[in-house]
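Please read the structure below before turning to the comments.
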Amino acid sequence: MELHFPSHFLWGSTTAAYQVEGNNYNSDFWAEEHSEGSPYKDKSGDTIDHYRLYREDIALMASLGLNTYRFSIEWSRIEPEPGQYSRSAIEHYRDVLETCYKHGITPVVAMHHFSSPKWLMRLGGWASPEVPDRFAKYCEVVFREIGHLIPYVLTMNEINLPVMLREIFSKIGFIPPVGIDREAWTAPKWRESAAKLCGTTIENYFTFHMISDESSIKILKETHQKAREAIKKIQPNTKVGFSMALSDIQSIPGGEELAEQKWHSYFKQYLPMLEGDDFFGLQNYTREVYGPEGQVRPAEEAELTQMGYEFYPEALGNVIRKVAKDIDIPIMITEHGIATDEDERRVEFIGKALEGVQACLADGIDVRGYLHWTTFDNYEWQSGYSLKFGLIEVDRTTQERKVKESARCLGSIAQMNTLVSK
């Protein structure tokens with residue numbers, strides 16, 4: 001059976017600057033990697049050298065049939081020191097955008113994807129009341145220069161991830177270092193070293209991933225609103241939103257109330273931030289099931305990904321329907337993917353998930369695009385290079401790109417704008 005998608009549907013893949021560009025030594029993540037006792041398995045180094053190879057990479061995406069590329073602009077490159085803006089970095093991203101258009105690819109840009117300038121930590125990081133104005137100014141500088149080339153922008157990626165970190169870290173087997181209180185997500189000893197590398201002390205060190213208390217969430221909301229205002233003032237036609245990581249929250253008898261609490265914590269508490277936005281970035285990887293005693297582990301026979309997530313592609317359609325109950329703006333799937341060495345499982349994951357997306361479209365839900373995480377096997381934060389999310393393999397000794405069958409499969413679907421359902 002053939003499942004057809006809307007004529008202007010966005011089909012593409014996603015990267016994050018820090019994970020693909022390489023050598024981002026002005027970032028707080030660089031400090032975390034190189035801190036004493038760091039839990040990061042690998043140093044990012046050159047990563048996949050996308051900062052140099054972006055022209056070839058974008059041409060490769062287009063050759064596969066993809067029509068959209070979501071990437072992030074790196075704040076720490078644009079503004080390496082407070083109030084000092086890099087002309088060369090701005091021109092680099094101008095050329096990335098122009099290269100997209102040269103190959104018929106629609107760019108979707110994230111202004112922030114987890115990593116921040118080291119100097120921000122000296123001001124108190126994301127707990128500082130200065131953040132909203134400083135981030136808005138960064139957005140203003142970028143949009144005055146190259147905003148006319150950006151049709152869609154996410155101010156920030158996965159703004160709700162900090163409240164999910166406790167669960168995520170336990171699932172992927174990341175054992176917090178000595179000194180960290182897993183429940184409170186307080187700073188451990190290695191962060192003291194990271195703070196020092198940022199030129200500050202642990203009292204000021206507050207990264208994006210720590211935004212989970214009432215005060216910092218309030219700052220986050222103000223940051224998004226001010227950034228949106230700055231962008232719209234310069235480029236009123238640019239569509240503005242933010243993205244959220246959302247598992248498919250389910251329950252078994254006795255777990256209904258806990259599941260509802262989780263959904264509120266992960267999603268509903270952020271709904272006021274959406275007021276005035278043009279679209280919503282939805283990101284999904286799996287489901288979470290809750291019972292009376294808390295989260296229920298996947299069945300013993302369940303297939304698990306490299307992240308320890310349950311292989312459950314049906315989650316995407318379910319989450320789209322849940323979100324659509326509470327919002328009335330278009331939804332863009334800005335990330336969806338699977339960590340696996342078995343690419344045939346990625347092909348299956350994409351196909352089954354897209355059946356769910358098409359069913360949502362058939363029911364009248366306004367979904368504008370599907371962007372797969374990720375374009376390349378790349379640097380996955382604390383997990384280093386061990387996790388394989390990419391549509392394209394990279395030999396990091398030679399930086400040779402090797403297209404996987406999943407990339408060809410998604411590209412074929414994009415070209416035909418049709419999914420052939422089994």
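None of these values were measured; they are calculated from a predicted model.
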Evaluate the ring planes of [X] and [Y], with Trp represented by its six-membered ring, and classify them as parallel (under 30°), tilted (30 to 60°) or perpendicular (over 60°).
X	Y	result
Trp381	Tyr18	parallel
Trp75	His112	perpendicular
His92	Tyr51	parallel

About how many Å separate CD1 of Ile90 and OH of Tyr85, when rounded to the nearest 0.5 Å?
9.0 Å

Given side chains that start at C-beta, do those of [X] and [Y] come closer than 4.5 Å, heavy atoms only?
X	Y	answer
Tyr266	Leu161	no
Val142	Val109	no
Val296	Ile252	yes
Gln399	Val394	yes
Thr340	Phe349	no

Report yes or no: is the cationic atom of Arg368 (NZ for Lys, CZ for Arg) under 6.0 Å from the centre of the six-membered ring of Phe279, at an angle within 45° of the ring normal?
no

Just checking, Arg287 and Tyr312: is the charged tip under 6.0 Å from the six-membered ring centre and within 45° of the axis?
yes

Donor-acceptor under 3.5 Å ([X] side chain, [Y] main chain):
X	Y	result
Ser86	Ala89	yes
Thr286	Glu310	yes
Ser128	Leu123	yes
Tyr69	Leu97	no
Asn417	Phe5	yes
Lys322	Ile249	yes
Ser72	Ala16	no
Ser63	Leu60	yes
Asn160	Met244	no
Lys118	Ser76	no

Could you tell me whether [X] and [Y] make a salt bridge, using a distance below 4.0 angstrom between a side-chain N and a carboxylate O?
X	Y	value
Asp277	Arg228	yes
Asp395	Arg401	no
Glu393	Lys404	no
Glu260	Lys268	yes
Asp95	Arg55	yes
Lys352	Glu355	no
Lys388	Glu380	no
Lys226	Glu229	no
Asp377	Lys402	no
Glu98	Lys102	no

Side chain to side chain donor-acceptor pair (under 3.5 Å) assessment of Thr47 paired with Asn378
CA-CA 7 Å; Thr47 63; Asn378 59 29; over 6 Å; no

Pick one: which of Val403, Leu391, Val347 meets side chain to side chain contact (heavy atoms under 4.5 Å, CB included) with Arg408?
Val403

Less than 3.5 Å apart, which donor and acceptor atoms pair up between the side chains of residues 326-339 and the rest of the protein, not counting sequence neighbours?
from: Thr334; atom 1: OG1; to: Gln283; atom 2: OE1; distance (Å): 2.9
from: Glu335; atom 1: OE1; to: Gln283; atom 2: NE2; distance (Å): 3.4
from: Glu335; atom 1: OE1; to: Tyr285; atom 2: OH; distance (Å): 2.5
from: Glu335; atom 1: OE2; to: Arg70; atom 2: NH1; distance (Å): 3.4
from: Glu335; atom 1: OE2; to: Gln283; atom 2: NE2; distance (Å): 3.2
from: His336; atom 1: ND1; to: Tyr370; atom 2: OH; distance (Å): 2.8

For His34 and Trp190, what are the C-alpha separation, side-chain angles and deciding distance, and is it a ring-ring contact (aromatic ring centres under 6.0 Å, His included)?
CA-CA 10 Å; His34 293 81; Trp190 62 270; over 10 Å; no

So Trp30 and Ser44, side chain to side chain donor-acceptor pair (under 3.5 Å) or not? Walk me through it.
CA-CA 8 Å; Trp30 189 266; Ser44 58; over 6 Å; no

Give a yes or no on whether the ring-centroid distance for Trp126 and Phe206 is below 6.0 angstrom.
no

Please check if the distance between the ring centroids of Phe29 and His209 is under 6.0 Å.
yes

